[in-house]
J.: 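Once you've had a glance at the structure underneath, I'll fire off some questions.
Heavy atoms only: backbone and side chains are in, while hydrogens, waters and symmetry mates are out.
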Amino acid sequence: MTMRNMLQTPSIHMDIHTDIRTTTTIVITRTKAREDAALGLTRLQASFEQHGERTVMTRKYHTAPLKIAKAFPQGAGLGVIVMDVSPGLLDGDQYELEWHCGRGSRLYVTNQSYTKVHPAGGKGGASLRQSFVLEEDAIVEHMPEPVMLYRQAALRSETEVRLAPGSLWIQGDVWCPGRTLRGETFMYDRFDSRLTVRYGDELIASQRQLIEPAIQRLQVQGSWGNATHIGTLFAFGDRIKAQHVEAIREALDSLPDRSEYKLVVGASLTHRCGLAVMAAGTAAWPLQEALRGAWSALRSSLLGEPPHALVQV
């Protein structure tokens, strides 16, 4: 039995309250887990609601090797840590994560460590699909650890967001070109990243980045130049205004000098109801530092709250 097959034993958790409902839920979720396994899917689904003055998780479902390792009070909302007990994304892996946040709920999501994408083979690589549905006045802050693409890795990453009036979605990402200290830089096969954001039924943002190092001239001027790592911080919601971008720019101007890492970073409004911070450099941690500074400035100017203090950069 391979390590991946060992990890595919379903692990399921649902909120249940009665014996009858317990029996029914177990049958349904076991059937669903078998169906997911037959399709090669690893799935995580979670729902959150505001109960009084606190956000609670009202439903969760997962199949190995993914799970929510911990949920805990975080500021005015709830924080969750996603655990992947496998070595990373292997050839043929299909991860699907679905997050639903009810009216007025607040959620912070992170994970335990870097997401490592292993070499692709006959199955064409791995895929990671995430969807976020935010009801009115919900807030989601998704700040995972960086993604590292190993030699010959191939990853398709898709994120879909649906917003309601008053809701706010924030996500930060850092992408690494390989294990650079081992001389593994841009040796992966393909990285295809897609982001779609809707406000109600209106498409307000769509972005795709396709990187195929073997056939693209990444080091030329106007492309990546000397940079090897990229990072983004996106925020979307009808609360976002020009003054929030200005607050972020002021925070970025006060960052320590990281010129030895060729750090370049900028911020701007998007076409509608959003802002984007883009960063590039030659190491992950300066990008994390810059994006955390931008995120903290956004929280302060938009929410009037201090930064979260979970991960120290």
Side-chain angles (χ1 to χ4, degrees), residues 130 132 134 139-144 146-147 157-163 165-176 191-200 202-211 216 218 220-259 261-305 307-308 313:
Q130 299 197 82
F132 298 85
L134 285 70
I139 298 175
V140 172
E141 297 169 274
H142 181 222
M143 304 295 290
V147 174
S157 173
E158 296 182 70
T159 302
E160 298 181 359
V161 183
R162 188 173 293 274
L163 301 170
S167 62
L168 174 67
W169 177 82
I170 303 172
Q171 177 168 293
D173 288 300
V174 173
W175 305 91
C176 305
F191 169 52
D192 187 354
S193 174
R194 307 175 188 219
L195 170 66
T196 302
V197 183
R198 287 180 169 81
Y199 182 79
E202 178 187 1
L203 179 64
I204 61 172
S206 180
Q207 174 172 308
R208 183 187 183 192
Q209 184 169 53
L210 176 62
I211 304 171
Q216 295 172 339
L218 299 178
V220 301
Q221 294 298 320
S223 184
W224 287 55
N226 295 322
T228 53
H229 298 64
I230 57 171
T232 60
L233 178 76
F234 288 111
F236 288 95
D238 53 19
R239 316 179 188 194
I240 294 175
K241 309 297 179 186
Q243 63 262 31
H244 303 126
V245 175
E246 292 303 317
I248 288 174
R249 289 172 178 164
E250 290 179 8
L252 295 176
D253 288 341
S254 66
L255 288 172
D257 181 12
R258 304 300 185 197
S259 56
Y261 298 99
K262 314 296 185 197
L263 179 65
V264 179
V265 59
S268 66
L269 289 172
T270 62
H271 168 66
R272 175 161 156 72
C273 297
L275 62 81
V277 180
M278 309 291 289
T282 58
W285 73 263
L287 272 64
Q288 289 178 287
E289 179 184 63
L291 296 180
R292 182 170 179 81
W295 177 36
S296 297
L298 179 61
R299 296 190 93 252
S300 176
S301 63
L302 182 57
L303 302 176
E305 298 177 5
H308 288 309
V313 178

J.: Just how far is it from atom OG of S193 to atom CG of L210, taken to the nearest 0.5 Å?
T.: 10.0 Å
J.: Any donor-acceptor pair under 3.5 Å linking the side chain of R162 with the backbone of Y199?
T.: no
J.: If I compare all heavy atoms of A251 with all of G293, which pair ends up nearest, and what's the gap?
T.: CB-O, 3.9 Å
J.: Between T282 and N226, what is the shortest heavy-atom contact and its length?
T.: CG2-O, 3.5 Å
J.: State, with a plain yes or no, whether a side-chain heavy atom of R208 is found less than 4.5 Å away from one of D192.
T.: yes
J.: Within the 4.5 Å heavy-atom criterion, are S301 and Q243 side-chain neighbours or not?
T.: no
J.: Determine, step by step, whether I240 and L269 satisfy the side-chain contact (heavy atoms from CB on, under 4.5 Å) criterion, reporting the C-alpha distance in whole Å, the side-chain angles of both residues, the deciding distance to 0.1 Å, and the verdict.
T.: CA-CA 9 Å; I240 294 175; L269 289 172; 4.2 Å; yes
J.: What are the two closest heavy atoms between L287 and A283, and how far apart are they?
T.: CD1-O, 3.3 Å
J.: Determine yes or no for a side-chain-to-main-chain donor-acceptor pair under 3.5 angstrom, with S296 supplying the side chain and R292 the backbone.
T.: yes
J.: When you check the gap from the basic side-chain N to the acidic O, do E305 and R299 get nearer than 4.0 Å?
T.: yes
J.: Does the side chain of L168 reach to within under 4.5 Å of the side chain of L134, using non-hydrogen atoms?
T.: no
J.: Enter the distance from Q209:CD to S157:OG here, rounded to the nearest 0.5 Å.
T.: 10.5 Å
J.: Rounded to the nearest 0.5 Å, what separation is found between the CG atom of L291 and the CG atom of L252?
T.: 8.5 Å
J.: Please give me the minimum heavy-atom distance between A294 and L233, naming the atom from each residue.
T.: CB-CD2, 3.9 Å
J.: Nearest 0.5 Å, what's the CZ-CG distance between R239 and L298?
T.: 10.5 Å
J.: Roughly how far, to the nearest 0.5 Å, is CG of D253 from CD1 of I248?
T.: 12.0 Å
J.: With side chains defined as the heavy atoms from C-beta onward, is the minimum distance between E202 and R272 less than 4.5 Å?
T.: yes
J.: Would you call V197 and T270 a side-chain contact if the rule is heavy atoms closer than 4.5 Å?
T.: no
J.: Using a strict 4.0 Å threshold on nitrogen-to-oxygen distance, state whether E246 and R249 make a salt bridge.
T.: yes
J.: With the side chain counted from C-beta on, respond yes when V147 and D173 share a heavy-atom pair under 4.5 Å apart, and no when they do not.
T.: no
J.: How far apart are the closest heavy atoms of P256 and E289, and which atoms are they?
T.: CG-OE2, 4.0 Å
J.: Would you indicate whether the side-chain heavy atoms of I139 and L303 approach each other to under 4.5 Å?
T.: yes
J.: Rounded to the nearest 0.5 Å, how far does CG of L218 lie from OG of S223?
T.: 5.0 Å
J.: I want to check something: taking the side chain as every heavy atom from C-beta on, are V161 and Q171 in contact at a cut-off of under 4.5 Å?
T.: no
J.: Is there any ring pair (Phe, Tyr, Trp, His ring centres under 6.0 Å) pair reaching into residues 220-250, and which pairs are they, with sequence neighbours excluded?
T.: F186-W224
J.: Considering non-hydrogen atoms only, spot the tightest contact between V277 and A267 and give its length.
T.: CG2-CB, 3.9 Å
